[in-house]
Structure formats: C-alpha cells, structure tokens
There are 2 protein chains.
Amino acid sequence: MSDSPKSTIPTRASGAPLYAQVRNTLVGRLVKGVWAPGDALPSEFELAAELGVSQGTVRKALDSLAADNLVVRRQGSGTFVAEHDESRILFQFFRLAPDTGEPTFPESRLVSLRTGPAQPEEARVFSVTEGVDVFRIHRVRSLSGRGVIAERIILLASMFPGLDGAKSPNNLYGLYAHRYGVTVARAHERLKAIGLPEEEALLLDSDPGTPALLIDRVAYGLDGSVVEWRVAHCLTDEFHYATDLK
Amino acid sequence: MSDSPKSTIPTRASGAPLYAQVRNTLVGRLVKGVWAPGDALPSEFELAAELGVSQGTVRKALDSLAADNLVVRRQGSGTFVAEHDESRILFQFFRLAPDTGEPTFPESRLVSLRTGPAQPEEARVFSVTEGVDVFRIHRVRSLSGRGVIAERIILLASMFPGLDGAKSPNNLYGLYAHRYGVTVARAHERLKAIGLPEEEALLLDSDPGTPALLIDRVAYGLDGSVVEWRVAHCLTDEFHYATDLK
DNA sequence: CAGTGGTCTAGACCACGAC
DNA sequence: TCGTGGTCTAGACCACTGT
C-alpha cells in the first residue's frame, strides 16, 4: 500500500498543539500592543484565514484567552482586549471586602514616591542586578472613608519611564496598561498575620502591634515578567480577605 | 420552496445549551453516587449514545467537569471521578505553606468531638433551624512537627450519621467522600488578622494576643449545599497563606 | 439585515495506556 | 493491538448586536 500524503494543512510544526501556537501568536501581539485595551480583535474567520488554520482552532485559542481574562467575548459584537477598569480590578485583583455590605474600590492617598537603587531583595524579586533604578510608592488606601491599607509598591524605573512625574491614580493597573502598554495578567499573594509596625500604625491611626494582615503580592505581565512588587498592611477588624477554592 | 423539518435531533428542550444539560445529568449521577471516587466513567462514545447527543457535546460537558476538578481525564485510559486524596487537598484546599521549602500535608491531633444543638449562627450558615444536632470537632494541626493550626469544625449530624464513633482521620474530606458519599466541590474562605484567643494560645503553645491568621471556611457539596463550616487560627511566623489571582 | 460569537454535529487522525 | 481521550477540520444553524 503506497503512503499517500495525508496532510496538506499546516500540521503541528513544533510539539505544541496548533491552538496553543495560535494562542501564543495572539499573546505576542497583545504584548507588542498591536491591539490596545478595549480594541476589537479581528473576527474568528479573519484570524483563521490569516493564520492558515480552521475557525474552530482559532476559537479554542480565543476561549483560552477569555478564560484567563485577557480578552472579553461578546456574542454578536466581537472579541475585545480586556481593560483594567475598576470593575475588573475589584473582581480579579482586590480581595478585601467589608464584613457587611458590598465590596467597593478603595480610595488612595499618596504618601511618597521616590527613586532609588534596587536593594538585594528587590533585585531578587525582579530578577535584575542590584542597584538598577526602582520607584518606591508609598500610599494609604481607604474603604468607607477609613484608612485601612498601608502599601508600598516597587516598580522598575526602566519599565515605567517618567512615572515619578505622574500623579498616582487610584487604579494603578489601568495606568500601567494605558500609559505604558504593560498589562498585569496574574499575581501571586502571600499572606501573614503580624503586629502592625510603628510606621504603618501612624499612617493607619492605630497602635503599633495591632494584629494586621500582611499581603505580599508579586504581579506578572503577559510575557511572564515581574511587573510590580507590592507589600500591604491591612486592618481587618471591619474587613476581611475573601477567596474561593475550587 | 417548502420548509423541510430541519431538526430530527434532540435540540434544546429547555433554554440551557445541550452540553450544560449533559453536565447537569452527569453531576446528578455523581451526587447519587452512581460512580464512586476513582471509578471510570463510560467513554465519550458510550455517554453520547446513551444521552442521544454527539460525542463533541459530551466532550464539552466532561471538559467543564474536569475544569472544576470533579473528574480527571487521562488520555488513553479514560475519565475518572476525582478523589479527595492528600495530593488533591494539598493542591486545591490547603493554602498554608512554609516560608521556605515545599508545602506538606499537616498532621492532626483530635482535641474533642462533641454533639450539640445548632446555635443561631451555626443554623444560619447551614440554612437549618436552630437546635438540630451538629458535630463540633476541635483539633490541632502540625506542620514540620510544630502545632500551628487550631481549628473548629461544624457538621450537620444528619449528613454524617455515626461520625462521632469514628476516628478522626487526617484527611476529613476523604472520609466525607468515601464513607458518606459527600463530595466537597468548592469552598469560600474569609481571612482576618486577630490576636490569638486564650484557648487557642494554650493549644498552640503561644501567648494570648499573638497575631494570628483567622480562616473562616464554608465548604459546599456537589449540589451546592453547605457541607462543613471550619474556623481555624493559624500562626504565620514561619508559614504563609498562598493564593494566585488571575 | 449582515456580521459576530455560541452551539452542535460528524468524521478524520494522533498520542497515549493497558493488555 | 485496541480503546481511550486529544486535536483539527468543516459545515450547519442559533442568538445576539448593531445598522
């Protein structure tokens, strides 16, 4: 029996499934900023034709991006690049809620914004050499009009040039996305209970040693690089950190 | 042109998509215990033939169950009912990890197991009337040989008859599943930082008032009912609560 | 009404696991 | 070698959105 050429279609070039390759291609375009947050992507048929795969394969790639909150799909309308608006932040990246009542987005008050050389621990988190310039933002966030979060944010100056001249908005992830084209895709948090340090106690109008929730968050971009390091001290007498396990 | 009968197949009886109906059917069978944890489900083709839908529709339902960790799919082998073994618990329901080193499953020491009438707050959590019988389990859990978690567990006696005569195993969710056919499918946790109460301080060999992580967990079964209420006090000087946001 | 994503089907081939 | 799930395709129809 002679072997007939079975495949004239672009079969698995590398080891990865086609839909994964399509996904990677699309993520690469998101990283490059080919489409801005809020923009519509080409339709499934257009992408399929351009990439030389079937519509079903493009669909599987887009569904996977939607599952990771990188795009939003709207029936009858199209597929859109996800935006870091307050409602998404509240849903995806802000887990502190009042014990009674609906979650609300906190207001921020800037305490300080300084530039300096990266200390050893900072260099380790960002995988850079010691001494490169970093921004250090210090701010207090309020829920229901009461200051309950004191947080310190570390950023690479090279990733956010000119940031120290900007005002510190309430929604930093929206600023990263719209002004710098840097999208926070996911984050890892480590929580501890500690006694409130003196400096944070002053900012939160509390006594040093008050039990507080320490939240240590490292945020990652679309390409997997570390975008931000954030350490927050939270008072949890009227609030709690909520999470779902499934 | 005459209108020909387009659909001879079992189209959307109700408003829900077919694959969602298939999923609900399969979840119903899991609740009834048609297949036990670890059992293989029928193949996609068999389920498709039995339910009168295509293999692709069954596949979409099974993929959705796998995404919720209710079944495990193994290429070349089959689709199996998920088990509450220690590795799954560690991955899915246990978020406390040592600051340095790999996460490990904690050991448990039973402090007490008593029966009593449900107090108002307990009745509210379980949506039952006050006074129905509940079990109250109190135990201390150790990581790396050190007691770091003191937890109180509330269960409905009607859901776990005879539990008070059983030994309290390390892995309670495995006991619920194998002995009572009750599967914990998901849980909701609320975290706070508090000063360690006197009773927990004694159990954990610490001073009262030490900052501790309070974890309040409500666990839900496959059918959405409340299975367990668990309140834990955790020392986090050498451990942390880890979670991913995405 | 045209265009989009959502659902459903049918059939092919591939990769893996058990026997 | 056979049966399983995994991938990929192709085409039909449905449901929704905007014009």
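Quick note on labels: first sequence line is chain A, next is B, and so on, each numbered from 1. All of these numbers come straight from a predicted model, not from anything done at the bench.
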Pairwise N/O distances under 3.5 Å, protein to nucleotides 4-6 of chain C:
| unit_1 | atom_1 | unit_2 | atom_2 | d |
| --- | --- | --- | --- | --- |
| C:dT4 | O2 | A:Gly76 | N | 3.1 |
| C:dG5 | OP1 | A:Thr79 | OG1 | 3.3 |
| C:dG5 | OP2 | A:Glu44 | N | 3.1 |
| C:dG5 | N2 | A:Gln75 | OE1 | 3.1 |
| C:dG6 | OP2 | A:Arg73 | NH1 | 3.3 |
| C:dG6 | N7 | A:Arg59 | NH1 | 3.2 |
| C:dG6 | N7 | A:Arg59 | NH2 | 3.1 |

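- At whole-Å resolution of the value, CG in A:Leu18 and C1' in C:dA12 are 15 Å apart.
- For B:Arg88 against B:Ala82, the heavy-atom pair with the smallest separation is NH1-CB, 3.7 Å.
- At least one side-chain heavy atom of B:Asp99 sits less than 4.5 Å from a side-chain heavy atom of A:Arg190.
- Remark: of the listed residues A:Tyr180, A:Phe160, A:Tyr173, A:Phe160 is the sole one forming a side chain to side chain contact (heavy atoms under 4.5 Å, CB included) with A:Val227.
- When all heavy atoms of B:Arg179 and B:Pro161 are compared, the closest pair comes out as NH2-O, 4.3 Å.
- Within the 4.5 Å cutoff, no side-chain heavy atoms of B:Asn69 are placed close to those of B:Arg186.
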